[in-house]
**Q** 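This is the structure I have questions about; it appears just below.
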Amino acid sequence: MSSSTQPSSRGSSPPSGALPLRRSQFTYRNLSQMASYNTSCPLRVIAHIDLDCFYAQAEMVRLGVAEDQPLAVQQWQGLIAVNYPARAYGIGRMCTVTEAKKLCPNLITQHVATWREGEDKWAYRDDAAENIATDKVSLDPYRLESRRILATIKDHLPSHMQKVEKASIDEVFLDLSAHVHAVLLERFPEIARPPPSGDPSEPLPMPSVSALDWQADALVDLDDEHAEFDDPDWDDVAMLVASEIVRNVRAAIRDKLRYTCAAGIARNKLLSKLGSAHRKPNQQTVIRNRAVWHFLSGFKFTKFRNLGGKLGEQVSQIFNTESVEELLVVPIEQLKLKLGDDTGVWVHNTLRGIDMSEVSPRTQIKSMLSAKSFRPSINTVDQATRWLRIFVADIFARLVEEGVLENRRRPKTINLHHRHGVQTQGQTRSRSSPIPQGRSLDEETLFGLANTLLNQIIQDGHVWPCSNLSLSVGGFEDGISGNMGIASFLLRGEEAQALTDGPRTRAESKLKEQSQPPEKRRRIDDGGIQRFLTRKETPSPLDPIDALAEDNGAETSRVRETKLDSDAPSLPDEGPVLQANDETAIGGHLCARCGACLESSESLQSHQDWHFAKDLQEEEHGRLGFGNQASTTAASPHSGGRRSGPAAPKRPGRPKKTERGQQKLSFG
DNA sequence: TCTTCTGTGCTCACCAC
DNA sequence: GTGGTGAGC
Ligand SMILES: Nc1ncnc2c1ncn2[C@@H]1O[C@H](COP(=O)(O)OP(=O)(O)OP(=O)(O)O)[C@@H](O)[C@H]1O
């Protein structure tokens, strides 16, 4: 149990006993894997940043109230966010406004902004709570603040190393591996040189430091008895560098925007997220690899991502425990037997803190929804139509804020959801339609489409009473595809970033983990290879990347099959990934530049365009302070894409990905 | 304090068809 | 591609 992720094996197995000096457990290859964001790199460093009581802070900033002023954000009669000073009074999300005020008479309860019929903009209104029947909540102030915060975070990372995933309105993941790699090479010239033997599998020398100075607010989790006896190895140093970066990012957020946040730094998303929740507010937690087991063993596994719902419930029922420690003794065969192969392996890995999921460099939204619950229900077409106007105003304003009108990135579909009946029960129905792409998109067009959808729903009958309506638009991601001239590669900001990181992003989306209900049995199979080879989601420049990602089978199989190691601290990963045999076996089109195999000549062309754009970008940015040439390879598809494998254990049961994973297995 | 709790208002991902 | 569900913030 403990031993698998324990550093117990740390330092005990230098590959070559003949070396005179103590060597790192990591190799030169491991080090260079950082530069390419390889998900199985044992030196990978991921950060999770979570804003403290976000909506409450947003209101504090907007209103300019003192830091220690208790404040809660009100939505109708409930509280949706409570700041820490107010929590000290025992006020929580469950409280009603009245209860909360009783607990703390000094409490500010700020109602969220609302839309109101006849007004052309959302506004903060004193009488919002009494107008639940006519007002519609607007969460836009928080979305706008979220964007400023995201921009500040990005601004504090080197322009070509902004691997940032917006995980929710107030959370981001950062893959700091390449950034940390660059810093390491600068600070430790001895590892910037090539391996003396010329063999990348040679162990690195140990870091030339004997103790690491973890700053006061970087909270290092305690290790068990033996841990601190070992000198720091490169993974510890990498975490330390990352914690400095994160501390600086947090300082920028605080100094420029006046927001505080919690952060977790660890080797993957799973652990960094648990880390950020561990000490709040306004603190950061580092979970060094050697501390992983100790850190996890105290948890209930139901706190882990994807185990908080039905799957977690199922697991705790079957094994009669919610304790990580107790479940760790269950053999993988047993987990596979009871949960299915994929889910069993996924649970086994997750319990050990193993998570190879990618930080997807995505910060743009994919859909937008505007909704209203009716209490009491509404009963006429006229009422519904008037709500549609408000939804459209809301959505249109948000589209404008997104810059959708300027960009070519516009939604492709519009969807109306309807709930029939009273309260939260009742069946739901929805109708969607394409948004015409020829002409410019305006509010009236959207309203017309929404009305058409409403009429369709009405025609199907059983409409009234209606307890909920929502309008959404989606399909944004296709906007950047289309025909790809060179010009379309010369995008700024995030779109350019998306292109740059595309390979890895796409790789992730294939094999990464997904969330899924245990019940859905995944079929291993069938559509397998064909589907794998022919899949075409978006004809975008990202595609080549997909192709690049395809060849990670070997790694995938290795991981899935047990050894928790590649993501485990004790075993630096050797990646089997060097050969391109999978691709050639598939019979694709090879890129002369990086050896990637593309699905078609068209994909190859796009891929080559990508290289071109990437070159331009690098030229523009110039070389950053790398100690050597590593930066060239850092973001290039060859290293990153091919090697980086979604060795991720796939998530619980989901079939589609599972299929792909299975495919990969058959390849590997 | 903690998504062990409410309800509402979101966003994303997956699945069958 | 369309419509339904689940999970999380
Ligand atoms: N079920 C929900 N319904 C509506 N809004 C929610 C819900 N859960 C979370 N939110 C909103 O999303 C924001 C982020 O949620 P999160 O879970 O991170 O808690 P938080 O309020 O930021 O507090 P913490 O400091 O514990 O992170 C919150 O401020 C909150 O208002």
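Chain letters run A, B, ... following the sequence lines, proteins first and then strands; every chain starts at 1.
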**Q** Taking only side-chain N and O atoms of A:Lys366, does any of them lie within less than 4.0 angstrom of OP1 or OP2 on B:dA13?
**A** yes
**Q** Take the protein atom CZ of A:Arg419 and the nucleotide atom C1' of B:dG7, then report the distance between them rounded to whole Å.
**A** 11 Å
**Q** Tell me whether the OP1 or OP2 atom of B:dG9 has a side-chain N or O from A:Trp76 closer than 4.0 Å.
**A** yes
**Q** With a cut-off of 6.0 Å (strictly less than), are more than 12 heavy atoms of other residues, nucleotides or ligands near CD of A:Glu99?
**A**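 Buried by this count: over 12 neighbours within 6.0 Å.
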**Q** Does A:Arg93 get its side chain close enough to the base of B:dT3, under 3.5 Å, for a donor-acceptor pair?
**A**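 Yes, a donor-acceptor pair under 3.5 Å.
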**Q** For A:Ile169, report the nucleic acid contact type (base, sugar-phosphate, nothing); a contact means any heavy atom under 4.0 Å.
**A**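 The answer is nothing, as A:Ile169 stays clear of every strand by at least 4.0 Å.
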**Q** Whole Å only: how far is the CG atom of A:Leu453 from the P atom of C:dG3?
**A**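 The answer, rounded to whole Å, is 9 Å.
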**Q** A quick test of your reading: do over 12 heavy atoms of other residues, nucleotides or ligands sit less than 6.0 Å from NZ of A:Lys102?
**A** no
**Q** Determine the contact category for A:Gly308: base if any of its heavy atoms lies under 4.0 Å from a base atom, sugar-phosphate if only primed atoms, P, OP1 or OP2 are that close, otherwise nothing.
**A** sugar-phosphate
**Q** Please give the distance between the C1' atoms of B:dA13 and B:dT6 as a whole number of Å.
**A** 26 Å
**Q** Determine the contact category for A:Lys273: base if any of its heavy atoms lies under 4.0 Å from a base atom, sugar-phosphate if only primed atoms, P, OP1 or OP2 are that close, otherwise nothing.
**A**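 It contacts sugar-phosphate atoms only.
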**Q** Considering only atom P, compute the distance from B:dT8 to C:dG3 and round it to an integer number of Å.
**A** 25 Å
**Q** Look at all strands and tell whether A:Asp170 reaches a base, only sugar-phosphate, or nothing, counting heavy atoms closer than 4.0 Å.
**A**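 The answer is sugar-phosphate, as A:Asp170 gets under 4.0 Å only of primed atoms, P, OP1 or OP2.
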**Q** Would you find more than 12 non-hydrogen atoms of other residues, nucleotides or ligands less than 6.0 Å from A:Asp126 atom CG?
**A**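 No.
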**Q** When you check the gap from the basic side-chain N to the acidic O, do A:Arg147 and A:Glu402 get nearer than 4.0 Å?
**A**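 Looking at A:Arg147 and A:Glu402, the cut-off is met.
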**Q** P atom, B:dT3 versus C:dG8: distance in rounded Å?
**A** 12 Å
**Q** Any side-chain N or O of A:Lys303 less than 4.0 Å from the OP1 or OP2 oxygen of B:dC2?
**A** no
**Q** Using a heavy-atom cut-off of under 4.0 Å over every strand shown, decide if A:Glu171 touches base, sugar-phosphate, or nothing.
**A**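 Sugar-phosphate contact only - A:Glu171 comes under 4.0 Å of backbone atoms but never of a base.
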**Q** How far does the C1' atom of B:dG7 sit from the matching atom of C:dG4, given to the nearest Å?
**A**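 Straight-line distance between the two C1' atoms is 22 Å.
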**Q** Base, sugar-phosphate, or nothing for A:Ser472, non-hydrogen atoms under 4.0 angstrom?
**A** nothing
**Q** Does a side-chain N or O from A:Arg279 land closer than 4.0 Å to OP1 or OP2 of B:dC2, or not?
**A**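 The answer is no; no side-chain N or O of A:Arg279 sits under 4.0 Å from OP1 or OP2.
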**Q** Measuring to OP1 and OP2 of B:dG9, would you say a side-chain N or O of A:Ser373 lies under 4.0 angstrom away?
**A** yes
**Q** Does OP1 or OP2 of B:dT11 have a side-chain N or O of A:Arg398 closer than 4.0 Å?
**A** yes
**Q** Checking all strands, does A:Thr428 fall into the base, sugar-phosphate, or nothing category for heavy-atom contacts under 4.0 angstrom?
**A** sugar-phosphate
**Q** Surrounding CG of A:Asn320 (heavy atoms of other residues, nucleotides or ligands, distance under 6.0 Å), is the total greater than 12?
**A** no
**Q** Taking NZ, NE, NH1 and NH2 as the nitrogens, is one of them in A:Arg431 or A:Asp460 under 4.0 Å from a carboxylate oxygen of the other?
**A**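 Salt bridge present between A:Arg431 and A:Asp460.
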**Q** OP1, OP2 of C:dT2 versus side-chain N and O of A:Thr413: anything below 4.0 Å?
**A** no
**Q** Salt bridge check: are A:Arg398 and A:Glu401 linked by an N-O gap of less than 4.0 Å?
**A** no
**Q** At less than 4.0 Å, is any side-chain N or O atom of A:Ser430 found next to OP1 or OP2 of C:dG3? Yes or no.
**A** no
**Q** Tell me the interatomic distance from A:Leu369, atom CG, to B:dA13, atom C1', rounded to whole angstroms.
**A**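 A:Leu369 atom CG is separated from B:dA13 atom C1' by 15 Å.
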**Q** Hey, does the side chain of A:Ser367 come within less than 4.0 Å of B:dC12's phosphate (OP1/OP2), counting only N and O?
**A**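 Checking B:dC12 against A:Ser367, a side-chain N or O does come within under 4.0 Å of OP1 or OP2.
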**Q** When you compare B:dC5 with B:dT1, how far apart are their C1' atoms, in angstrom units rounded to a whole number?
**A** 14 Å
**Q** Whole Å only: how far is the CG atom of A:Leu51 from the C1' atom of B:dC2?
**A** 17 Å
**Q** For B:dT11, take OP1 and OP2 only and decide whether either is under 4.0 Å from a side-chain N or O of A:Arg143.
**A** yes
